[in-house]
Number of protein chains: 2
Amino acid sequence: MTVTLADVAARAQVSPATVSRVLNGNYPVAASTRERVLKAVDELDYVLNGPASALAAATSDLVGILVNDIADPFFGIMASAIQGEIGGPGGRAGGERLAVVCNTGGSPERELTYLTLLQRQRAAAVVLTGGAIEDAPHKAAMDMKVRKLIEAGTRVVLCGRPQAPDTGAIALTFDNRGGGQELTEHLIGLGHRRLGYIAGPEERTTTRHRLEGHRDALAAHGIEEDPRWTVHGRYDRRSGYEATLELMRRDPSLTAVVAANDSVALGACAALRDSGLRIPEDVSVAGFDDLPFSMDAVPSLTTVRLPLAEAGARAGRIAMGREEAPPGGIASVRGELMVRGSSGVPRA
Amino acid sequence: MTVTLADVAARAQVSPATVSRVLNGNYPVAASTRERVLKAVDELDYVLNGPASALAAATSDLVGILVNDIADPFFGIMASAIQGEIGGPGGRAGGERLAVVCNTGGSPERELTYLTLLQRQRAAAVVLTGGAIEDAPHKAAMDMKVRKLIEAGTRVVLCGRPQAPDTGAIALTFDNRGGGQELTEHLIGLGHRRLGYIAGPEERTTTRHRLEGHRDALAAHGIEEDPRWTVHGRYDRRSGYEATLELMRRDPSLTAVVAANDSVALGACAALRDSGLRIPEDVSVAGFDDLPFSMDAVPSLTTVRLPLAEAGARAGRIAMGREEAPPGGIASVRGELMVRGSSGVPRA
DNA sequence: AGCGTTGCAGCAAGCGCTTTCTATATACGA
DNA sequence: TCGTATATAGAAAGCGCTTGCTGCAACGCT
C-alpha cells in the first residue's frame with residue numbers, strides 16, 4: 001500500500017489537516033510540529049497524491065505547452081525556454097509545477113484533443129506555440145476551447161502565434177511579415193530580380209505571413225512575381241531540397257531562393273550544390289528563424305533571427321503570472337535580419 | 001460553475017454511475033441509454049474531471065518522458081517517436097493518454113524532482129531518455145525512485161540509457177561503445193594515427209561509453225593515446241568549436257577530430273575552417289548520432305547513425321504495454337557507421 | 001407455472017486530500 | 001482578575017469520480 005497523508009499524520013501524532021498545512025505552507029504551524037511532520041514524511045517516504053490534491057483544491061500544477069513538432073529545434077528552443085520559466089522542478093520547493101510539452105505534429109485534431117486533455121487535467125496554464133492552422137471551423141473550435149479554458153481559470157498564452165481576438169488569450173506574436181519583407185528587401189537590394197520562394201504548408205499563418213512579407217517587398221520594388229516562382233512544401237529539409245529542384249526546373253534563371261525557414265533553406269542549399277550551382281555566386285539562399293545550425297552551414301545562412309528563447313521565456317513568465325501581460329494582451333516580437341554568406345550579388 | 005458528471009446524469013435521466021460507465025465503456029450499457037448520455041454530454045459540453053477520475057480509479061492517463069535537453073533534436077526525435085506511440089490524442093478515442101515531456105536540462109536534481117512529480121501524478125508510465133549521470137549517490141537515488149515508481153504500478157522504460165539493474169526497469173540501450181569503436185576504426189583504417197577526441201560532459205554514461213569505444217579502437221591498433229588529445233565539453237556546437245581550437249593548439253599535427261556528437265562535430269568543422277584548415281584534406285572530422293542536419297553539412301558528416309525514432313517508438317510501445325519487453329528486460333540497439341565526406345585519408 | 005439466469009441500472013461507499021469552522025490554549029490589556 | 005485577541009490544532013464536510021454490490025425486469029429453462 002502507498003503511504004497516505006493519514007499515515008504521516010498518525011506517525012507525527014497530528015491531524016491530517018496539520019500535515020496538509022505543513023506541506024503546503026499556507027497556514028501557520030508551530031515550528032516544533034512542522035519538524036515532527038517533516039520527519040514523519042521523510043521516514044515514511046511519503047509522496048503527495050497529485051490527483052487527490054488537485055481534486056480537493058480544485059487546482060493543478062500542470063502547465064501545458066503545445067508544439068507543432070518537437071523534433072524541430074524551432075519548437076524545442078521555445079519549449080525549453082518556456083519550461084525554464086515555468087519553474088518546473090528547480091524553482092523553490094513547494095511551488096513545483098509540471099511543465100508538459102505536447103506534440104501536436106501539426107494536426108488540428110491532436111491540437112484540439114490535447115487542449116481537451118489539458119482542460120480535463122484542469123491545467124494551471126497553457127502555452128500554444130507556433131503558427132496556427134487557418135481553417136475556419138478548426139479555428140472556431142480552437143477559439144472556443146481557449147475561451148472555455150480561460151473561463152475555467154487556466155491562463156492561456158500564445159507564443160509565436162497570431163492573436164485570437166475575443167478569447168482572452170495573451171499573444172506574443174512574431175513579426176513574420178515584417179521579417180519576410182526585410183529579408184527579400186535585402187536580396188532585392190543586392191540586385192536580385194528573379195527570386196524563387198519555398199513556402200511552408202498552406203493554411204498556416206506563419207506560411208502566409210512570411211510569404212506576404214516577401215510579396216510586399218517585391219511589390220514595393222515593382223517586381224512582378226511569376227507564379228512559377230512559388231512552391232509550397234513542409235517545414236523540413238527534404239521539402240526544401242525537392243522544392244528547389246522544382247523551382248530551378250521551372251525557371252533556371254532564378255538568382256535567389258528564399259525559404260520558409262532555415263531547415264528548408266539547408267535543403268535548398270543541398271539541392272543547388274547537387275545541381276552544380278555555387279552559393280551565393282550562382283544562386284543566393286535565405287532562410288528564416290536563425291536556428292543554431294544555420295551559422296554552421298557553408299556558406300553560413302542569411303536569415304531572420306527570431307528571439308525564440310526570449311519570447312518563450314516571456315511567454316512562460318506571463319503564463320505563470322510572474323510578468324504583466326503586454327498592453328492589450330498582445331505584443332509583436334520583431335525578427336532581426338542576419339546577413340551572412342549565403343546571399344550575394346546575382347550572377348551577371 | 002463547471003459541468004459535473006451529476007449534471008450530465010440529471011440531464012440524461014440516469015445515475016452518475018451509468019454516465020461514468022458510458023464514458024469509460026467498461027461495462028455494458030443499453031444502446032438507447034448510451035445515446036441519451038452521449039447526447040447530454042455533448043449538449044452540456046461536459047469535460048471529465050481528470051484529477052477526480054484519477055483519484056477514484058487510482059490510475060492516471062499521464063505518461064512522462066524525461067529528456068536532457070529538449071532543444072536538442074537528439075532528444076526531440078526520440079520524444080516525438082515515443083509520444084507517437086503513446087497514442088497521445090490521435091489514438092482511438094477514449095484511451096487517450098497525455099504524453100508529457102519533461103526537460104531536465106541535464107540536472108540531477110531536476111531529474112529526480114520530475115520523477116517525484118510524475119510519481120505524485122501516479123503516471124501510468126515513464127520513459128527516461130539519454131545518458132545517465134554517473135554520480136553514485138544520484139544514481140542510487142534514481143534507482144530507488146524508479147523502484148518506487150514500478151512498485152506503484154508505473155511502467156518504466158529506459159531509452160538510450162544503460163540498464164539499471166535490480167530496478168525492474170526495461171532498458172533499450174544504445175551501443176555507444178561499439179559505435180565509437182567502429183567510427184575510430186574507420187578513421188584508423190584511412191590511415192589516421194593522431195586523433196583528437198572531443199568528449200561530452202564528464203560523469204555521463206554516454207560520454208564514457210563513446211570515449212571507451214574510441215580508446216578500444218586505438219588500443220586494438222596499438223596506437224598510444226596522448227592525453228592532450230582528449231578534451232571534455234558540452235554536447236553543443238559552441239563547445240565543439242572551442243574544444244577544437246584547444247585541440248589544435250595543443251597538437252597541430254592531429255589529422256582527425258572525433259566528436260562526441262554531431263552538434264559538436266559541426267562546431268569542430270567551423271573551428272577548423274576558421275583556422276584555415278580544409279576538411280577532410282587537412283583534418284578529418286567525425287560525429288555521432290546522425291541527426292538530420294549532419295548530411296547537410298559541407299562536407300557531409302561521417303558519423304554513426306543511431307535509430308532514434310525506431311528506438312523511441314519501441315520504447316513507447318513497451319511503455320504502453322503494447323509490445324513485449326525484450327528478454328531479460330534489456331536490449332542493445334546498434335548504431336550504423338555512415339561514411340561521408342568529412343573523413344578522408346590523412347594529409348601526408 | 002416456478003425459478004435460476006442474464007442484462008442493465010442505481011446506491012452508496014469511498015479514493016486522499018484541502019479547507020472552513022470550531023476548539024483550546026496562551027498572551028495581552030484594562 | 002476577567003474579557004478578548006492571537007496562535008495553533010482538530011473535526012468534518014466535501015471535491016467529482018469509480019465500482020462493488022444490490023435490485024429488478026425480462027428471459028429461458030424444466
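Chain letters run A, B, ... following the sequence lines, proteins first and then strands; every chain starts at 1.
Residue pairs that meet the salt bridge (Lys or Arg N to Asp or Glu O under 4.0 Å) test with at least one member in residues 121-133 of chain A, sequence neighbours left out, do not exist here. For residues 19-31 of chain B, the set of pairs meeting the side chain to side chain donor-acceptor pair (under 3.5 Å) definition, not counting sequence neighbours, comprises B/Ser20-B/Asn24.
For B/Asp135, the side-chain hydrogen bond (donor to acceptor under 3.5 Å, both in side chains) criterion is met by no residue, not counting sequence neighbours. Checked against side-chain hydrogen bond (donor to acceptor under 3.5 Å, both in side chains), B/Glu203 has no partners two or more places apart in sequence or in another chain. The side-chain hydrogen bond (donor to acceptor under 3.5 Å, both in side chains) test applied to B/Asp72 returns no partner, not counting sequence neighbours. The side-chain hydrogen bond (donor to acceptor under 3.5 Å, both in side chains) test applied to B/Arg11 returns B/Glu43, not counting sequence neighbours. Legend: residues meeting salt bridge (Lys or Arg N to Asp or Glu O under 4.0 Å) with B/Arg161, ordered by chain and number and at least two apart, are B/Glu111. Evaluation of the side chain to side chain contact (heavy atoms under 4.5 Å, CB included) rule for A/Arg34 yields A/Val22, A/Val29, A/Leu38 as partners, not counting sequence neighbours.
Direction change of the helix axis from one end of the helix from C/dA1-D/dT30 to C/dA30-D/dT1 to the other is 40°, with five pairs defining each end axis (rounded to 10°).
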Close N/O contacts between protein and nucleotides 20-27 of chain D (under 3.5 Å):
| residue | atom | partner | partner atom | Å |
| --- | --- | --- | --- | --- |
| D/dG20 | O6 | B/Arg21 | NH1 | 3.2 |

Distances for protein N or O near nucleotides 4-6 of chain D N or O, under 3.5 Å:
none

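In the region residues 40-61 of chain B, proximity to DNA chain C at under 4.0 angstrom, judged on heavy atoms, holds for B/Leu55, B/Ala56.
The listed nucleotides are D/dA9, C/dC17, D/dC17; the one nearest the side chain of A/Thr4 is C/dC17.
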